[in-house]
There are 2 protein chains.
Amino acid sequence: MSNSRNTIARTEILNLIREAGEALSHADLQASLGDLCNRVTIYRVLDRLLEEHLIHKIADVDGNITYAACHDCSGRHLHNHIHFRCEECQSVTCLNQVEPEFKLPRQYVVHSMNFTVSGLCPKCSGKR
Amino acid sequence: MSNSRNTIARTEILNLIREAGEALSHADLQASLGDLCNRVTIYRVLDRLLEEHLIHKIADVDGNITYAACHDCSGRHLHNHIHFRCEECQSVTCLNQVEPEFKLPRQYVVHSMNFTVSGLCPKCSGKR
DNA sequence: TATTAATTGCAACTAAGTTGCATTAATAAA
DNA sequence: TTTATTAATGCAACTTAGTTGCAATTAATA
């Protein structure tokens with residue numbers, strides 16, 4: 001059971017993230033939401049949605065943070081899929097079907113992963 | 001040929017990064033350097049070292065940036081090894097021997113990668 | 001040694017994220 | 001339905017991270 005409340009800001013932010021074709025930054029959300037809520041509220045709602053495993057956080061190699069919807073994280077919240085950041089159109093997308101394989105020495109305990117590849121997305125590489 | 005100059009700040013920063021057993025943040029460097037140079041200089045030296053492919057940049061899932069030495073990047077500067085961030089001791093290390101395997105759809109053009117796994121490092125997982 | 005341009009320090013600035021606190025409002029209980 | 005409880009919000013102020021312009025300095029070359 002959750003004591004998280006269904007507020008307008010929460011509903012709107014979750015909808016925006018779920019319906020976006022790509023991962024959204026705090027700035028993206030703020031632009032879309034206009035004055036529906038304060039920018040601090042956006043930070044706090046994002047924190048809650050992360051805790052509730054409804055969204056996940058993505059950092060590219062420069063530390064830029066974006067957020068994308070979780071698809072099936074009720075059980076485990078591992079997100080071992082690859083994210084792609086396009087250097088041309090700046091979009092960040094989840095490649096849910098691409099799971100990297102790797103093997104760490106036994107003593108390492110893995111809690112979470114952040115795999116981001118940068119380059120040109122299909123749309124932008126085609127334009128060249 | 002390079003028109004980059006061998007200054008005291010550059011030499012010291014590169015030494016610190018090369019001799020550290022783990023990746024260093026701007027704050028780590030500033031703490032070690034004391035007043036050897038201005039904090040702005042550290043940012044600028046790091047940018048130069050990145051351009052010269054002597055170090056690489058690592059972002060963990062929270063967007064925290066650290067820097068580690070490159071080992072053999074004269075040819076390609078791809079850094080497709082895994083980085084591990086320990087949630088206990090906060091250290092970030094390069095696992096140079098661990099290269100993840102994955103396959104992107106053909107249209108994607110890859111320029112750089114950022115793979116960071118978080119959890120407990122061998123030292124900290126042993127203490128439990 | 002003199003010249004040139006890369007590098008630095010400084011101050012001021014922008015951008016990103018956090019905190020405390022009074023107010024508002026979603027939910028559960030009466 | 002009304003009331004009580006406490007999660008959530010707005011606001012202002014703050015911290016932290018990184019950037020920029022410019023004058024002064026200094027490494028490297030001639």
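Sequence lines set the chain letters: A, B, ... in the order given, protein chains first and strands last, and positions in each chain run from 1.
- At the phosphate of D:dT9, OP1 or OP2 sits under 4.0 Å from a side-chain N or O atom of A:Thr7.
- A 4.0 Å heavy-atom criterion places the boundary nucleotides of DNA chain C facing chain B at C:dA5 to C:dA12, written 5' to 3'.
- The distance from atom CG of A:Leu33 to atom P of D:dT9 is 11 Å, rounded to the nearest whole Å.
- Here the closest heavy-atom approach between residue B:Leu36 and residue B:Ala9 is recorded as CD2-CA, 3.9 Å.
- Taking for each of B:Ala27 and A:Asp35 the nucleotide of DNA chain D with the nearest heavy atom, the 5'-most of the two is the partner of A:Asp35.
- Each of A:Arg48, A:Arg10, A:Glu51 was checked for a side chain to side chain donor-acceptor pair (under 3.5 Å) with A:Ser4, and the lone residue meeting it is A:Arg10.
- As judged by a 4.0 angstrom heavy-atom cut-off over every strand, B:Arg48 is placed among residues touching the sugar-phosphate backbone only.
- The aromatic rings of B:His56 and B:His79 sit parallel, their planes meeting at an angle under 30°, below the 60° perpendicular limit.
- Nearest approach of B:Arg18 to B:Leu54, heavy atoms of both residues: NH2-CD2, 3.8 Å.
- Contact detail for B:Asn114 and B:Lys57: the closest heavy-atom pair is OD1-O, 4.4 Å.
- Against DNA chain C, the stretch residues 11-20 of chain A makes no heavy-atom approach under 4.0 Å.
- Formation of a donor-acceptor pair under 3.5 Å by the B:Ser125 side chain with backbone atoms of A:Gln107 is found in this model.
- Per the geometry, CG belonging to A:Leu46 stands 15 Å off C1' belonging to D:dT9, to the nearest Å.
- Following rounding to the nearest Å, A:Arg44 (CZ) and D:dA8 (P) show an atom-to-atom distance of 11 Å.
- Residue contacts for A:Leu36: at a heavy-atom cut-off of 4.0 Å it reaches the sugar-phosphate backbone alone, with no base atom in range.
- With rounding to whole Å, B:Arg10 atom CZ is found 15 Å from D:dT26 atom C1'.
- Using a 4.0 Å heavy-atom cutoff across all strands shown, A:Arg39 reaches at least one base atom of the nucleic acid.
- Taking a 6.0 Å sphere around CD of A:Gln97, one finds it holds more than 12 heavy atoms contributed by other residues, nucleotides or ligands.
- Rounded to 10 degrees, the angle separating the terminal helix axes of the helix from C:dT1-D:dA30 to C:dA30-D:dT1, each built from five base pairs, is 40°.
- For B:Asp62 and D:dA17, the CG to P distance is 13 Å, given to the nearest whole Å.
- Classified by interplanar angle (parallel below 30°, tilted 30° to 60°, perpendicular above 60°), the ring pair A:Tyr43/A:His26 is parallel.
- For A:Asn38 and D:dT9, the shortest distance from a side-chain N or O to OP1 or OP2 is not below 4.0 Å.
- In terms of modelled atom types and a separation under 3.5 Å, the side chain of B:Asn38 and the main chain of B:Val40 share a donor-acceptor contact.
- Both B:Asn6 and B:His26 lie near DNA chain D, and the one whose nearest nucleotide falls closer to the 5' end is B:His26.
- Atom pair B:Leu29:CG and D:dA17:P shows a separation of 13 Å (rounding to whole Å applied).
- Nucleotide D:dT16 holds its P atom 18 Å from the CD1 atom of B:Ile65, rounded to whole Å.
- Between the side chain of A:Thr116 and the backbone N or O of A:Ala59, at least one donor-acceptor pair lies under 3.5 Å.
- Between the side chain of B:His83 and the backbone N or O of B:Thr93, no donor-acceptor pair lies under 3.5 Å.
- Atom P of nucleotide D:dA30 and atom CG of B:Asn3 are separated by 13 Å, given to the nearest angstrom.
- Contact annotation for A:Ala9: backbone-only contact, meaning every heavy-atom pair under 4.0 Å involves sugar-phosphate atoms and none involves a base.
- If you run side chain to side chain contact (heavy atoms under 4.5 Å, CB included) between B:Ile17 and each of B:Asp28, B:Ile55, B:Thr66, only B:Ile55 comes through.
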